[in-house]
Amino acid sequence: MPIYAYKCASCGFAQDEMLKISDAALTVCPACGQPEYTKQLSAAGFQLKGSGWYATDFKGGAKPADNKDKNEKSDKTDKTDKTEATSAPTVSAPPVTPATTV
């Protein structure tokens, strides 16, 4: 059963009430009897801790198995890029002479 926070606008009495979802909202203050007892907006009363699905599935990044495959592929491409870069012939440009103005 959910717990709701209630507060009386007339006398300021505040209390947490455990009610079924199907129960009608309370309106009469148990302290002063005035019909100004209303539900308050509050934060959720639970925390997700541990290594559950929310930590492993939605933290961002890829799964560990996917990272391994990507690392192997990137290692292979890095090696081929390096060997191609060192074995490629170098071409030098002719020297540039400054233009003279008359």
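Scope of the values below: all heavy atoms of this structure, side chains included, with no hydrogens, waters or symmetry mates.
Side-chain contact between Tyr6 and Gln15: absent, with no pair of heavy atoms (C-beta onward) separated by less than 4.5 Å.
Every residue two or more places apart in sequence or in another chain was checked for a side-chain hydrogen bond (donor to acceptor under 3.5 Å, both in side chains) with Gln34, and none qualifies. Annotation: side chain to side chain contact (heavy atoms under 4.5 Å, CB included) contacts of Ala9 (sequence neighbours excluded): Glu36.
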Under 3.5 Å, side-chain donor or acceptor atoms of residues 17-30 against the rest of the protein: list the pairs with distances, not counting sequence neighbours.
residue, atom, partner, partner atom, Å
Glu17, OE2, Tyr37, OH, 2.9
Asp23, OD2, Lys20, N, 3.1

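Here Ser42 contributes atom OG and Asp16 contributes atom CG; the two are 8.0 Å apart, rounded to the nearest 0.5 Å.
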